[in-house]
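Numbered from 1 within each chain, the chains take letters A, B, ... in sequence-line order.
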Number of protein chains: 2
Amino acid sequence: MMPEKVTIADVARRASVSRQTVSNVLNSPDLVREETRERVRQAVEELGYRVNQAARRMRTGRSRLLAVRIEQTQDGMNVFDRFLHGLTDSAAKAGYRVILYTADDDRSEIATFDDLLGAYEPDAFVLTGTHYGDVRTSWLAERELAFVTFGRPWGMPEGGAHPWVDVDGAAGTAAATRHLLGAGHRRIGFIGWPEGSGVGDDRRSGWARALDDTGALERRTDGSAAEGEAAARELIAAGATALVCVSDSVALGALQAGPVPVIGFDDTPVAAAIGLTSLSQPLSDAAARCVGVLTRLLEDDSPDKPDHVLLEPSLVIRRTA
Amino acid sequence: MMPEKVTIADVARRASVSRQTVSNVLNSPDLVREETRERVRQAVEELGYRVNQAARRMRTGRSRLLAVRIEQTQDGMNVFDRFLHGLTDSAAKAGYRVILYTADDDRSEIATFDDLLGAYEPDAFVLTGTHYGDVRTSWLAERELAFVTFGRPWGMPEGGAHPWVDVDGAAGTAAATRHLLGAGHRRIGFIGWPEGSGVGDDRRSGWARALDDTGALERRTDGSAAEGEAAARELIAAGATALVCVSDSVALGALQAGPVPVIGFDDTPVAAAIGLTSLSQPLSDAAARCVGVLTRLLEDDSPDKPDHVLLEPSLVIRRTA
DNA sequence: TTGTATGCGTTATCAG
DNA sequence: CTGATAACGCATACAA
């Protein structure tokens, strides 16, 4: 089992067929007689043959590579690594590999698209962190490149023009709010982010929706634990008996403000560590759906409508609620 | 600026030279007259030419790809994503890209090596989580494949036979212990992992080294916060006035045991969030060094001695100490 | 210093 | 259903 390169010609020789037949077995099995097919499969097995992606790509223009930006750990409480793990896993099952890149802003990310396309020709991009006026998606769409976003196209016309996968933040905070309602709370506050962030506004809306009257028990913060604590104090002083938070980070701060139930968002390691009740995003699922959307895009006769997938987060109940 | 494929022939035409000359400018600039070189460079720029890695790989057998396993988030308090971000960044600067894979154990990881080698031919592997009797490194070494480990080859003959980069855990815990000593503490306990883990034993040794007499103030745990708390109670009862911990996870537990100074290890987001003093690994540096080691391996006339790099962690002092 | 010919491994086309 | 041939873009040996 030496690591000698074994090519399609070796397989062909071994199975006593032409190279073309081997290629057909691999790519269009229907064209080949069952018996021959089996013989070739066996030769492939015995020789440990793997298709050389570089050569295939030369011919077909497909690299079986999915490009993804690896995020900066922002406040450290991010959740991206779980998504990335799921993505790598699902991609592998579908015969794709994930290739990574970094970028500091949308502009440099677009420059990297260009680079990557020239050098490695990824079959598709997976974009995260969509936001209002996201120029990345338009750049890719203009060039008719395949991509999916993990995150809705905030601010785009209804539904958005491109495929996306997202988690329903509003459904999450609504569930959290109902949970507190069920525990007898009536004055439930919300600690959020500044207005104008798609994700933040979405999460806020679920809380508002679940309540007949929000009682104006709402504060916006920069997302830090410090501001979370301050906001929590104000809300408690204003009569709040429980708090729903836009993130684990502000929830962590809120916990310092007093002994009221607090629910965070994202179920980060921090939440697990300190026993914070939080909303968990189905990140493996989301990643798998991203891959699903892309394979459909790349392999099926191009779907007429872009896929949109909205998943529900789940409430992980711990000590704080 | 259409995304049309621009090949080396287009550049040659534009610069009024042969394809060969363009190739030379790119790969062996010394062979080409300065003036011509500049002209070619300009054509490359204007056309937005990027070398097609698939074609190059067909010819040279080099893919400019580094393969890395993306870890499962174990207890969630891992630190790998920061390393991976650094690696992607450094690799890009050196003209490499990172390709990801997953694996559940050493055996399946080796199977993946084989797969990857056949399909994408990565130029090198970056291995993390080295341990006693690591079969991955021997598999790669036997085949003379390029790789570096982030983590020492525990249990291998002095220095180890292959290149590695690591962070000096013992130096870290020694610094932590000295910090507590400087604050007047004399009875300083250590909460560790089970004996036999290279990393755990290394971290323990720094604590022992910094103390004349450890006073047997030591407990081993499975690494969970729960066991960390129990261990801390015992140690405090036994007279410990400060604690050094093998991880942030057990440190978090230890904090619940009482108001004694506690120092964790890894400076995870959890530590930052709860104000836990902790030892921070220079992960970007480590990643950059890994890339450095590999480029030397891949591009220089093979170094006679494998590179070994040992970096120092730094103590991040917060409320708990 | 520059140009010409060749092959890397695969798949698409087309003829048997 | 199978086999021959060409082509993808690049880098090298060799000749000019």
Could you list by number each residue of residues 117-124 of chain A showing a heavy-atom separation from DNA chain D of less than 4.0 Å, or answer none if no residue does?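 Those residues whose heavy atoms fall under 4.0 Å from DNA chain D, taken from residues 117-124 of chain A, amount to none.
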Is there a residue in residues 22-41 of chain B whose heavy atoms reach under 4.0 Å of DNA chain D, and which residues are they?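 The stretch gives B/S23, B/N27 as the residues lying under 4.0 Å from the strand, ordered by number.
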Test: [X] and [Y] ion pair at under 4.0 Å:
X: B/R289; Y: B/D307; value: no
X: A/D134; Y: A/R136; value: yes
X: B/E299; Y: B/R64; value: yes

Side chains of A/W154 and A/T130: does their closest heavy-atom pair fall under 4.5 Å? yes
Identify whether any heavy atom of B/R57 sits under 4.0 Å from a base atom; if not, whether one sits that close to sugar-phosphate; answer base, sugar-phosphate or nothing. nothing
Using only side-chain N and O atoms of A/T21, determine if any of them is under 4.0 Å from OP1 or OP2 of D/dG3.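 Yes, A/T21 has a side-chain N/O under 4.0 Å of OP1/OP2 on D/dG3.
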Would you please classify the geometry between the A/F125 ring and the A/Y101 ring as parallel, tilted or perpendicular, with 30° and 60° separating the classes?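 Aromatic pair A/Y101/A/F125 classed perpendicular.
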Terminal axes of the helix from C/dT1-D/dA16 to C/dG16-D/dC1 (five pairs each): angle between them, nearest 10 degrees: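 Angle reported: 40°, given to the nearest ten degrees.
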Show the atom names and distances, to 0.1 Å, of all donor-acceptor pairs under 3.5 Å that link a side chain in residues 6-14 of chain A to residues at least two apart or in another chain.
unit_1, atom_1, unit_2, atom_2, d
A/T7, OG1, A/A9, N, 3.0
A/D10, OD1, A/R13, NH1, 3.4
A/D10, OD2, A/T7, N, 2.8
A/R14, NE, A/E46, OE1, 2.8
A/R14, NH2, A/E46, OE1, 2.5

Keeping A/R152 on the side-chain end and A/V167 on the backbone end, is there a donor-acceptor pair under 3.5 Å?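 Such a contact is found between A/R152 side chain and A/V167 backbone.
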side-chain hydrogen bond (donor to acceptor under 3.5 Å, both in side chains) against B/S16, all qualifying residues, sequence neighbours excluded: none
If you walk 5' to 3' along DNA chain C, what is the first nucleotide with an atom under 4.0 Å of a heavy atom in chain A, and what is the last?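 Counting from the 5' end, contacts occupy C/dG9 to C/dT13.
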Can you measure B/L47 atom CG to D/dG9 atom C1' for me and round it to whole angstrom units?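 About 15 Å, once rounded to whole Å.
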